[in-house]
Engineer: 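Got a structure for you, questions after.
Note that the structure is predicted; figures quoted are calculated from it, not measured. So that the names make sense, note that chain A is the first sequence line, chain B the second, and so on, each numbered from 1.
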Protein chains: 2
Amino acid sequence: MMAMKSTRIVKEIKDRGFKITPQRQLVAEALEGNKTHPTVEDLYKEVAKIAPTISVATIYKTLNELVEIGAIQRLDVGDRKAHFDPDTTPHNHFVCLRCGTIYDIPETGKVNEIPELPDFKVLRSQTIYYGYCKKCKG
Amino acid sequence: MMAMKSTRIVKEIKDRGFKITPQRQLVAEALEGNKTHPTVEDLYKEVAKIAPTISVATIYKTLNELVEIGAIQRLDVGDRKAHFDPDTTPHNHFVCLRCGTIYDIPETGKVNEIPELPDFKVLRSQTIYYGYCKKCKG
DNA sequence: ATCTCTGCAAAAAATTTGCACAAGG
DNA sequence: CCTTGTGCAAATTTTTTGCAGAGAT
């Protein structure tokens with residue numbers, strides 16, 4: 001039996017009636033508070049340190065569940081890999097075109113305002129800025 | 001020899017010193033003024049009607065070139081397929097979560113404003129709205 | 001001739017699926 | 001037991017790459 005830290009994500013898994021398995025626990029812990037916007041591979045490597053027999057398929061399944069229940073969000077920045085963000089509150093992202101790092105950008109109020117679009121029911125929005133970060137623009 | 005319509009995209013290909021081949025001409029024509037945000041497959045099918053021997057690899061190569069020279073833009077909306085948009089002027093997109101249709105949303109001024117981010121050199125931004133379109137929200 | 005571009009096929013990368021078995025109520 | 005979840009492997013899907021030959025100056 002492993003130590004069962006009860007994180008926010010773990011709680012959301014429970015609330016939705018999913019079982020807390022060691023695998024889900026580890027994926028949840030790897031994501032909780034994680035600001036690096038990891039890919040599936042990143043998370044797989046991270047979790048595999050502790051549970052070396054876990055399979056990538058389980059990571060994919062778990063992540064898809066977490067996205068479906070709204071515990072985390074998927075982030076597509078154009079590198080053809082899914083990134084995952086445990087922060088589901090309104091905020092934006094900056095992607096460095098040179099090093100690929102994804103930074104959180106606090107919402108400005110203006111940008112995150114959802115305009116009234118007569119023919120659409122808008123549920124959420126997502127703004128991505130592209131450019132060069134401090135490390136790379138020099 | 002085919003009819004060589006000189007579209008904006010064709011012009012940008014020329015200006016960059018690339019040759020205007022029948023394949024590039026057809027991909028350019030398929031994109032010019034296209035508001036449907038087609039995928040590679042969409043474009044392949046479209047172009048293959050006229051040039052049945054064209055290969056998907058050529059479509060990919062052409063599209064990547066066009067994106068690199070800034071003649072068109074790549075659009076990632078979360079369905080794990082690249083979409084392409086010949087409109088490179090500032091505007092946003094709405095993605096219907098039910099039918100997957102991508103709609104153009106005119107810029108509001110507010111949303112497309114790029115905030116001053118001290119540690120970043122912002123080159124462009126991209127806002128995507130998610131929800132249900134008129135056809136699907138009923 | 002030379003340089004570029006295309007088509008084919010193979011490879012690579014990312015993600016999903018099917019199924020037998022394990023785990024836990 | 002019965003349901004749910006895992007791991008493995010295979011299958012799918014999307015995209016890239018290598019190379020020989022075609023085409024255009």
Side-chain angles (χ1 to χ4, degrees), chain A residues 1-2 4 9-10 12-28 30 37-45 47-69 71-72 74-84 100, chain B residues 1-2 4 9-10 12-28 30 37-69 71-84 100:
Chain A
M1 198 69 215
M2 57 188 325
M4 286 290 174
I9 297 171
V10 167
E12 293 200 44
I13 297 173
K14 272 183 199 155
D15 291 351
R16 280 304 188 108
F18 289 105
K19 288 183 186 169
I20 304 297
T21 64
Q23 291 84 347
R24 284 180 184 153
Q25 176 79 28
L26 289 169
V27 173
H37 312 90
T39 62
V40 172
E41 207 197 337
D42 296 334
L43 290 165
Y44 176 60
K45 283 185 190 157
V47 170
K49 287 181 194 164
I50 300 157
T53 64
I54 200 170
S55 79
V56 206
T58 298
I59 306 277
Y60 271 102
K61 284 170 190 165
T62 304
L63 289 170
N64 287 341
E65 286 161 8
L66 292 178
V67 170
E68 261 166 45
I69 69 176
I72 64 173
R74 178 191 303 267
L75 190 59
D76 287 272
V77 300
D79 61 357
R80 267 141 277 137
K81 290 181 233 182
H83 294 257
F84 296 88
Chain B
M1 200 64 212
M2 55 188 324
M4 285 290 174
I9 297 171
V10 167
E12 293 199 44
I13 298 172
K14 272 184 199 153
D15 290 352
R16 279 305 189 104
F18 288 105
K19 289 183 186 168
I20 305 296
T21 64
Q23 291 84 346
R24 284 180 183 154
Q25 176 80 26
L26 288 169
V27 172
H37 311 90
T39 62
V40 173
E41 208 197 336
D42 295 336
L43 290 165
Y44 176 59
K45 284 185 189 158
E46 180 69 20
V47 170
K49 287 181 195 165
I50 301 157
T53 65
I54 199 170
S55 79
V56 206
T58 299
I59 305 279
Y60 272 102
K61 284 169 189 165
T62 304
L63 289 170
N64 287 341
E65 286 162 7
L66 292 177
V67 170
E68 261 166 45
I69 69 176
I72 64 173
Q73 69 167 138
R74 179 190 303 267
L75 189 58
D76 286 273
V77 300
D79 61 356
R80 267 139 279 140
K81 289 181 234 182
H83 294 257
F84 296 88

Engineer: Picking from D/dC8, D/dG5, C/dC5, which would you name as closest to the side chain of B/Arg24?
Structural biologist: C/dC5

Engineer: Compare side-chain N and O positions of B/Thr58 against OP1 and OP2 of C/dG7 and report whether any pair is under 4.0 Å apart.
Structural biologist: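 Checking C/dG7 against B/Thr58, a side-chain N or O does come within under 4.0 Å of OP1 or OP2.
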
Engineer: Give the rounded distance in Å between these two atoms: NE2 of B/His83 and P of D/dT13.
Structural biologist: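 In whole Å, D/dT13 P and B/His83 NE2 are 16 Å from each other.
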
Engineer: Tell me, please, which residues at least two apart from A/Lys45 pass side chain to side chain donor-acceptor pair (under 3.5 Å).
Structural biologist: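 Partners of A/Lys45 under the side chain to side chain donor-acceptor pair (under 3.5 Å) test: A/Glu41.
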
Engineer: Taking only residues two or more places apart in sequence or in another chain, which ones pass side chain to side chain donor-acceptor pair (under 3.5 Å) with A/Arg74?
Structural biologist: A/Asn64

Engineer: Under 4.0 Å: is that the gap between some side-chain N or O of A/Ser55 and OP1 or OP2 of D/dC8?
Structural biologist: no

Engineer: Whether B/Thr21 contacts C/dC5 is assessed here as follows: a side-chain N or O lying under 4.0 Å from the phosphate OP1 or OP2. Is that the case?
Structural biologist: no

Engineer: Return the CZ to NZ distance between B/Arg24 and B/Lys14, rounded to the nearest 0.5 Å.
Structural biologist: 13.0 Å

Engineer: Atom CD1 of B/Ile59 and atom P of D/dT15: how far apart are they, to the nearest Å?
Structural biologist: 13 Å

Engineer: Rounded to the nearest 0.5 Å, what separation is found between the CG atom of B/Leu63 and the CZ atom of B/Phe84?
Structural biologist: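 Those atoms lie 4.5 Å apart.
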
Engineer: In whole angstrom, give the distance that lies between atom CD of B/Glu68 and atom P of D/dT15.
Structural biologist: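 My rounded result for the distance is 16 Å.
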
Engineer: Identify, with sequence neighbours excluded, every residue that meets side chain to side chain donor-acceptor pair (under 3.5 Å) alongside A/Arg16.
Structural biologist: none

Engineer: CD1 of B/Ile54 versus C1' of C/dC5: gap in Å, rounded?
Structural biologist: 11 Å

Engineer: Give the rounded distance in Å between these two atoms: NZ of B/Lys19 and C1' of D/dG23.
Structural biologist: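 About 7 Å, once rounded to whole Å.
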
Engineer: Mind checking what makes side chain to side chain donor-acceptor pair (under 3.5 Å) contact with A/Asp76, not counting sequence neighbours?
Structural biologist: none

Engineer: To the nearest angstrom, how far is A/Glu65 atom CD from D/dG5 atom P?
Structural biologist: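 In whole Å, D/dG5 P and A/Glu65 CD are 6 Å from each other.
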
Engineer: What contact category does B/Thr39 fall into here, base, sugar-phosphate, or nothing, at under 4.0 angstrom with non-hydrogen atoms?
Structural biologist: nothing

Engineer: Who passes ring-ring contact (aromatic ring centres under 6.0 Å, His included) against B/His37, sequence neighbours left out?
Structural biologist: B/His93

Engineer: Can you check each nucleotide of nucleotides 10-19 of chain C against protein heavy atoms at under 4.0 Å and return B for base, S for sugar-phosphate only, - for none, in 5' to 3' order?
Structural biologist: ----SBBBB-

Engineer: In this structure, how many angstroms lie between the P atom of C/dC3 and the CZ atom of B/Phe18, rounded?
Structural biologist: 17 Å

Engineer: Rounded to the nearest angstrom, tell me the gap between atom CD in B/Gln23 and atom P in D/dA24.
Structural biologist: 10 Å

